[in-house]
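Sequence lines set the chain letters: A, B, ... in the order given, protein chains first and strands last, and positions in each chain run from 1. Side chains included, hydrogens not; waters and symmetry mates left out as well; all remaining heavy atoms used.
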Number of protein chains: 2
Amino acid sequence: MTDRLTQRQNEGYEFIRAFVRDEGKPPTLREIGDALDISSTNGVSKLLDVLERKGYVEREPHAARGLSLVEEEPDPFAVGAGPPELPVVSRTPSDHPDRLRRRPSSYLAVDPRLLHEASDPDACLVGRAGDDGMNGDGIRKGDFLIIEECRARDLSNGAPAAFLVGEELRARRFLFANGKMHLRPTNSHYTKETFPPDAPGCHPIGRVLGLFRSFSKS
Amino acid sequence: MTDRLTQRQNEGYEFIRAFVRDEGKPPTLREIGDALDISSTNGVSKLLDVLERKGYVEREPHAARGLSLVEEEPDPFAVGAGPPELPVVSRTPSDHPDRLRRRPSSYLAVDPRLLHEASDPDACLVGRAGDDGMNGDGIRKGDFLIIEECRARDLSNGAPAAFLVGEELRARRFLFANGKMHLRPTNSHYTKETFPPDAPGCHPIGRVLGLFRSFSKS
DNA sequence: CGGAAAGGTGAAAAAGTGTTCACCACTAGG
DNA sequence: CCTAGTGGTGAACACTTTTTCACCTTTCCG
């Protein structure tokens, strides 16, 4: 898909894209011709020959609507279509928690249904669990946690939440009592930790909505 | 989209969905007929009449491929780009393991990087863990398991695998020894089970590549 | 100038596709 | 027993769509 298009060719190409997006099927030669004011299907056919030669479309001979768009790069700024992609944050010192979103290491596609609990899907990100402190809840070190960012006071007591402690992302059950934050693990080998609300070493990130995990082939 | 479909109607509907997703355009009557072994286009046409009356598809008279799926989820079939969607299978009696792929209950978008261990991404599907037998590996009842279908002899010993036992999908570590299949749980409250290779009540589905989980708001 | 490529018109042939008609078999419900 | 609905076969027919052929103009470039 390297060759440049002329203006007319681009008009045709863009029409096809829009048609496929709106109608769910490729246009016929006549439909293209009507849109571009080309009265002869042969004129349209020649236009498509050029688009095919330049690698923008593929044609299936003799098939009605036998036209398909050649895969392009997924547009990183595409609005609308496709499942949302969440930024994956890498380890960040907890004295710079604001860096969390600024330097995502990559983006991961997530089915929207996994975000159905989220109040604001745009506030969601992905981070990796740094330890096994939530083993009792089936969360293991290295798991990808789907986190909806929120303030500590919006976390409900006892719900799984994510915190930045040092450079480590920790999932813990969150409890607020006596003016302090309590991070309760569900693994008997870990101990409960308590921090004052604005402790420099511990930043609440948000609630854990879900997770995913990839088993490596052993 | 309330009326139930018969098995045959569902086969047709699922074929159309898969075709649109894979080909980027709706199938013709003959293409549907070839797939479902219906030799007469009229037979296919009548099938579509029913699907249309029940609200699953819409037809555009006289148009080639004048068929479209009635929108359910927001644009599940974005053309071209986007992560692969895996069929989510629902509970199926183990005397009909072949139904697994035929009646997916939905499709779930999965980031391709979660499939990087798969030999064949097209052989992957999603099923829900039916019990807590793999608690020790952090797999919990209700988790969505990403499974690559394969034959039992292609499973490596000790690897997490999925089995259909009765109507329940079970994740277990798989061992083949002394001519028998051994399903080893990693939860001390569950017991190891042993089946002969062709036991009617236990069908190996494939290896577990990963999982995801959605925490419900408490 | 000459040639190549883009960008057409117009018509007819060939191929693909949807529609209709007549007919059949099975099942479930009244 | 009758009827409606499902699920077909097979063939003829009409419509839609792609392909092909002959011929044209304009622009750009060596």
Polar atom pairs (N or O), protein with nucleotides 27-30 of chain D, under 3.5 Å:
none

List every contact pair, protein side and nucleotides 20-26 of chain C side both N or O, where the distance is under 3.5 Å.
unit_1	atom_1	unit_2	atom_2	d
C/dC21	N4	B/Asn42	ND2	2.9
C/dA22	N6	B/Asn42	ND2	3.4

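The ring pair (Phe, Tyr, Trp, His ring centres under 6.0 Å) test applied to B/Tyr190 returns no partner, not counting sequence neighbours. Not counting sequence neighbours, the partners of B/Phe174 by the ring pair (Phe, Tyr, Trp, His ring centres under 6.0 Å) test are B/Phe163.
Close to D/dG10, at under 4.0 Å from its OP1 or OP2, lies a side-chain N or O of B/Ser39. In this structure, A/Gln9 reaches the C/dG7 phosphate: one of its side-chain N or O atoms is under 4.0 Å from OP1 or OP2. When the side-chain nitrogen and oxygen atoms of A/Arg59 are compared with OP1 and OP2 of D/dT17, none of them lie within a distance under 4.0 Å.
Contact annotation for B/Arg65: backbone-only contact, meaning every heavy-atom pair under 4.0 Å involves sugar-phosphate atoms and none involves a base. B/Ile38 comes within 4.0 angstrom of the backbone, heavy atoms only, and of no base.
One can place CG of A/Leu29 at 12 Å from P of D/dT20, the figure rounded to the nearest angstrom. The OH-C1' distance, from B/Tyr56 to D/dT6, rounds to 16 Å in whole Å. C/dG18 atom P lies 7 Å from atom CZ of B/Arg30, rounded to whole Å. Between the CD atom of A/Glu52 and the P atom of D/dT18 there is a distance of 13 Å, given to the nearest Å. D/dT17 atom C1' lies 14 Å from atom CD of B/Glu60, rounded to whole Å. Atom-to-atom, CD1 of A/Ile32 to P of D/dT16 comes out at 17 Å; the value is rounded to the nearest Å. Taking atom CZ on A/Arg53 and atom P on C/dG7, their separation rounds to 10 Å, with Å as the unit. Spacing between atom CG of A/Leu47 and atom C1' of D/dT18 amounts to 15 Å, rounded to whole angstrom units.
Using a 4.5 Å heavy-atom cutoff, the side chains of A/Arg207 and A/Ile147 are not in contact. When side chains are defined from C-beta on, A/Arg128 does not count as touching A/Leu145, because their heavy atoms never get closer than 4.5 Å. Put simply, the side chain of A/Val20 does not reach to within 4.5 Å of the side chain of A/Lys25, judged on heavy atoms.
Ranking D/dT16, D/dG7, D/dT9 by closeness to the B/Arg8 side chain, first place goes to D/dG7. Residue A/Val50 places its side chain closer to C/dA6 than to any other of D/dT17, C/dA6, C/dG18.
Of all heavy-atom pairs between B/Ile32 and B/Pro27, the closest is CG1-CG, 3.6 Å.
The aromatic rings of A/Phe144 and A/Phe212 sit parallel, their planes meeting at an angle under 30°, below the 60° perpendicular limit.
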Expected list for residues 38-48 of chain A: side-chain donor-acceptor pairs under 3.5 angstrom, two or more places apart:
unit_1	atom_1	unit_2	atom_2	d
A/Ser40	OG	A/Asn42	N	3.1
A/Ser45	OG	A/Arg59	NH2	3.4

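The overall bend of the helix from C/dC1-D/dG30 to C/dG30-D/dC1, read as the angle between its terminal helix axes built from five base pairs each, is 30° when rounded to 10 degrees.
Taking 4.0 Å as the cut-off between side-chain N and carboxylate O, B/Asp143 and B/Arg140 do not count as a salt-bridged pair. In this structure, B/Asp131 does not pair ionically with B/Lys141, as no charged nitrogen and carboxylate oxygen lie closer than 4.0 Å. Checked for salt-bridge contact, B/Glu60 and B/Arg65 miss the test: no charged N lies under 4.0 Å from a carboxylate O.
From A/Arg17, atom CZ reaches atom CG of A/Leu69 across 6.5 Å, with rounding to the nearest 0.5 Å.
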